[in-house]
2 protein chains.
Amino acid sequence: MPRRIKSKHQHVASLEAELLRRVRAHGGLSRVQLARDLKLAPSTAGIYVDRLVREGFLLETENAGRETAGRPPTSLVPNPDGGRFIGVDFEARNLMATVVDFSQQPIRQVHKTLRPTDSAAQILAKIELAIDEMMVRDSRPVLGIGVGVPGAIDPVTNVAVHYDFITGWSDVPLGARLGERFGVPVFLENNIRSMALAELWFGAGRGLRNFVCIGIRSGIAAGVVVNGQLLHGAQHRAGEIGHWVCPVPAELAETASARRNGEWRWQAGAKLEQVASLSAIVAAAQRGLERRQKTALADVKGELTIDNVLAAAHDGDEFALSLVRAVGRVHGWVAHQINELFNPEKIIFAGPLADLGDLFLATVHETARELGDAGRDLVIANSTLGQYNGAVGAAALALHQWKPKR
Amino acid sequence: MPRRIKSKHQHVASLEAELLRRVRAHGGLSRVQLARDLKLAPSTAGIYVDRLVREGFLLETENAGRETAGRPPTSLVPNPDGGRFIGVDFEARNLMATVVDFSQQPIRQVHKTLRPTDSAAQILAKIELAIDEMMVRDSRPVLGIGVGVPGAIDPVTNVAVHYDFITGWSDVPLGARLGERFGVPVFLENNIRSMALAELWFGAGRGLRNFVCIGIRSGIAAGVVVNGQLLHGAQHRAGEIGHWVCPVPAELAETASARRNGEWRWQAGAKLEQVASLSAIVAAAQRGLERRQKTALADVKGELTIDNVLAAAHDGDEFALSLVRAVGRVHGWVAHQINELFNPEKIIFAGPLADLGDLFLATVHETARELGDAGRDLVIANSTLGQYNGAVGAAALALHQWKPKR
DNA sequence: GGGTATTATTTTGAAATCGAAATTACTGTC
DNA sequence: GACAGTAATTTCGATTTCAAAATAATACCC
């Protein structure tokens, strides 16, 4: 009769993991503060912290000048040499990868371009290549890999279920494959959700327990954090607001008749992704060029890209600005709906539009305030984490899920 | 120096409470099954169950004919005489109250009508009166009171924060007041959320971990259950989809021009509550009568009520039916949006419209399927719990929050 | 410099919980 | 009716976690 194999101290490991998470989130905590935060007895916190220090995951630091009475606390920080984690984030066109040290400081980053014609196998190869480049053999070993995957994933089996925009990307056993190849634990997450994790841990959502992160790239999706936890939904498909049926501002309408007046219109079946994503902006700009709209975009050589449009808006081109504002109005409506349904502490926009700053956000905010009761309690912000957002979030996912072995 | 008073065994009490919840949810569990469900050692489960049996909260039952080998399990059921709980649910016009026994079987129910002119104080008095009527002095004592309150509440301080449709209903210390008056713990919850709890524990949401309950009465709101937990939001204001800006079907439009064609329209500022609530239906029906629409409703004496309209629809009146269908289309859109955002296992509609059955739900379902990708994974249902739904949920809230004293 | 107040950490013994090994109460088989 | 097989429950240390008390390290005051 085979003896059942079972970790004898699984709680111990997860408690240690929780302590590490806390120390990473608010560096410089003491044993006693940790005990208070986690509702542990001080003695218990002491035991675990001692062990983590002994094993080289935490460092005790001198704390500089203090003025309060009493025995000074011994502050704890994660030991950067505790180990490294790799994060990968990709969608149809781009792949980003990063390595972070044990204190979640990025050490190195890499960007690769994906071609629309790339097959699933080719993309898999590029992922492995990017990870290889991050796998530098120095100091401490790589302890885990996190991947932000477009489309649906199954975080239990670590399978990438499906993504429309990569041919053959269905039921890819990404976790198993990378795990075998690199010999470390692999964690998958949908990529907008890993962006939300990045915001939660080091971005605009730091310290919040309820917020929504809206990612606008080729598609549109939302990562929802409730009580400090990512929301997945029954089939891990929560957040697909790209499929929302939404109002269409005249500027973004496809037909001339729909553009006639300034009023927003309701078109049966107009999906948010087709109305207010980056690709929708490019399409609307192209329609504008076709009808000889006066704009600096007319001078663009070759294929019109989203960067052209955003640059023109940034430089004050009226037509490009009108498109950005129209998209902003739609997302103002989105923010309003989400605010009423979730009552989050904050709504964070991520992606190239967010990088435009106030140019985009002002319209969003204005529209949301108009729609709500004086927009009460509505806080909207742009992500400030830049384009490695998702990769960093994926690395942090691995970092946070990882547990010291017992 | 006053010694800090603190329950020495708070986990014990909450573990016992959890065991009780499990046994209520799936009557007839055994010690071992409970241990498995809660990931406890069998010995631990045994210790607690023994104590609960000894204290009269659980009963061991004979289990009828079985065919499996091995020592038969001793099934456990909640002891109906373990204690009673009172639930109250009210909104602007109605107040419902119920008592349930320890196995959550309703024992008695009462309904009171509230007048629109009632002040906060008068309503408070009616609540107390209803509770008095439920406070029968027999067998076991009342252990807790749950109240489903309209509008915003603060479940931490147990204060009813605000509700628009009762004059002076602001910062009512309902929990403290009832607690003093009746000498038992009082638990507050927003009333749509307590309806969602009722669905979770004994209704269409039984056994589910992710679903949304949409309540359509004078207003419209949603109770969202994620991972088996109610979602509250940052200021406990989650679920206010009545404020959603939504499309308006021609049948429900206010102006003649908007009614002109069959297309749905987007009106800036059209709120779901003003478009697709019970009061909106009555208003649309009245507008129909004013323009001499052919309908059985023309024969109604006195003020037109929602019951008239729903009865007419039930009897096949074309005009009334067209209104119900139009509202159904709007809620089909709502279901679609919620489905994409949350990916719940089920969406449950509650309120008088749901009591119409398929007459209402068919349109909802059809619209939602049209809007989604073949409506994949979308399950929509009507509540079957009837009008004491909220009261039962409120009682269950008290029942579930209550812990045996240690 | 010595006492007092204050806060962090460690020590200590007790309570909660566990895992593995009995024990119990059945069913089915010869 | 004894005997094997099976699954629930109990028993019995061992481990984890706790709470309270003791100890340590500082500031502040005289």
Side-chain angles (χ1 to χ4, degrees), chain A residues 1-19 22-23 26 28-54 58 60-77 403-404 406, chain B residues 1-19 22-23 28-54 58 60-76 403-404 406:
Chain A
M1 174 187 54
R3 179 76 58 86
R4 171 101 170 285
I5 294 165
K6 190 172 176 181
S7 161
K8 198 174 177 181
H9 303 291
Q10 59 163 295
H11 346 68
V12 172
S14 58
L15 223 177
E16 291 188 346
E18 183 59 29
L19 286 169
R22 292 279 166 165
V23 174
H26 318 94
L29 290 173
S30 71
R31 288 161 171 79
V32 171
Q33 287 178 64
L34 283 167
R36 276 199 283 262
D37 289 358
L38 297 177
K39 296 181 190 198
L40 295 172
S43 41
T44 311
I47 293 168
Y48 285 88
V49 167
D50 288 349
R51 180 158 41 198
L52 287 170
V53 169
R54 206 174 331 116
L58 289 180
E60 297 184 323
T61 64
E62 297 307 314
N63 29 10
R66 302 172 326 95
E67 31 242 48
T68 53
R71 174 174 174 173
T74 8
S75 297
L76 300 162
V77 291
K403 293 177 187 180
R406 277 275 83 83
Chain B
M1 174 186 55
R3 181 74 60 87
R4 170 101 171 286
I5 294 165
K6 189 172 177 182
S7 160
K8 198 172 177 183
H9 304 290
Q10 58 162 298
H11 347 69
V12 173
S14 56
L15 224 178
E16 291 189 346
E18 183 60 28
L19 286 169
R22 292 278 167 167
V23 175
L29 290 174
S30 71
R31 288 160 171 80
V32 171
Q33 288 177 63
L34 282 167
R36 276 200 284 262
D37 289 358
L38 298 176
K39 295 178 194 209
L40 294 172
S43 42
T44 311
I47 294 168
Y48 285 89
V49 168
D50 288 350
R51 180 157 42 198
L52 288 170
V53 170
R54 206 177 327 119
L58 289 179
E60 297 184 323
T61 64
E62 297 306 314
N63 30 10
R66 301 171 328 93
E67 32 243 47
T68 54
R71 175 173 175 172
T74 6
S75 297
L76 301 162
K403 293 176 188 181
R406 277 275 83 82

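Protein chains get the first letters and strands the later ones, always in sequence-line order, with residue 1 at the start of each.
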- Would you say D/dT26 has OP1 or OP2 under 4.0 Å from some side-chain N or O of A/T68? no
- Message: When you measure from the side-chain N and O atoms of B/T74 to the phosphate of D/dA8, is any distance below 4.0 Å, counting only OP1 and OP2?
- Response: no
For atom [atom1] of [X] and atom [atom2] of [N], their distance in whole Å:
| X | N | atom1 | atom2 | answer |
| --- | --- | --- | --- | --- |
| B/L15 | D/dC18 | CG | P | 14 Å |
| B/L34 | D/dA8 | CG | C1' | 12 Å |
| A/E60 | C/dT10 | CD | C1' | 13 Å |
| B/D50 | D/dT11 | CG | P | 9 Å |
| B/I47 | C/dA16 | CD1 | P | 9 Å |
| A/Q33 | C/dA8 | CD | P | 7 Å |
| B/L29 | D/dT9 | CG | C1' | 16 Å |
| A/L76 | C/dT9 | CG | C1' | 12 Å |

- For A/A35 and A/A45, which heavy atoms make the closest approach, and how far apart are they? CB-CB, 3.7 Å
- Taking all atoms of both residues into account, what is the closest heavy-atom pair of B/P404 and B/A17, and its distance? CD-N, 4.3 Å
So, taking the atom named [atom1] in [X] and the one named [atom2] in [Y], what distance separates them when rounded to the nearest 0.5 Å?
| X | Y | atom1 | atom2 | value |
| --- | --- | --- | --- | --- |
| B/Q33 | B/L38 | CD | CG | 11.5 Å |
| A/L52 | A/L76 | CG | CG | 9.0 Å |
| B/L19 | B/T44 | CG | OG1 | 10.0 Å |

- With sequence neighbours left out, what residues match B/R36 under salt bridge (charged side-chain N to carboxylate O under 4.0 Å, His left out)? none
Nucleotides 4-6 of chain D: which of its N/O atoms have a protein N/O under 3.5 Å away?
| from | atom 1 | to | atom 2 | distance (Å) |
| --- | --- | --- | --- | --- |
| D/dT6 | O2 | B/G70 | N | 3.0 |

- Do the side chains of A/L34 and A/L40 get nearer than 4.5 Å, heavy atoms only? no
- Task: Any chance you could lay out the salt bridge (Lys or Arg N to Asp or Glu O under 4.0 Å) test for B/E16 and B/R51, step after step, and finish with the verdict?
- Result: CA-CA 9 Å; B/E16 291 189 346; B/R51 180 157 42 198; 2.8 Å; yes
- Item | Basic-acidic side-chain contact under 4.0 Å: B/R31, B/E60 | yes
- Item | Those residues of residues 35-46 of chain A lying under 4.0 Å from DNA chain D by at least one heavy atom | A/K39, A/L40, A/A41, A/S43, A/T44
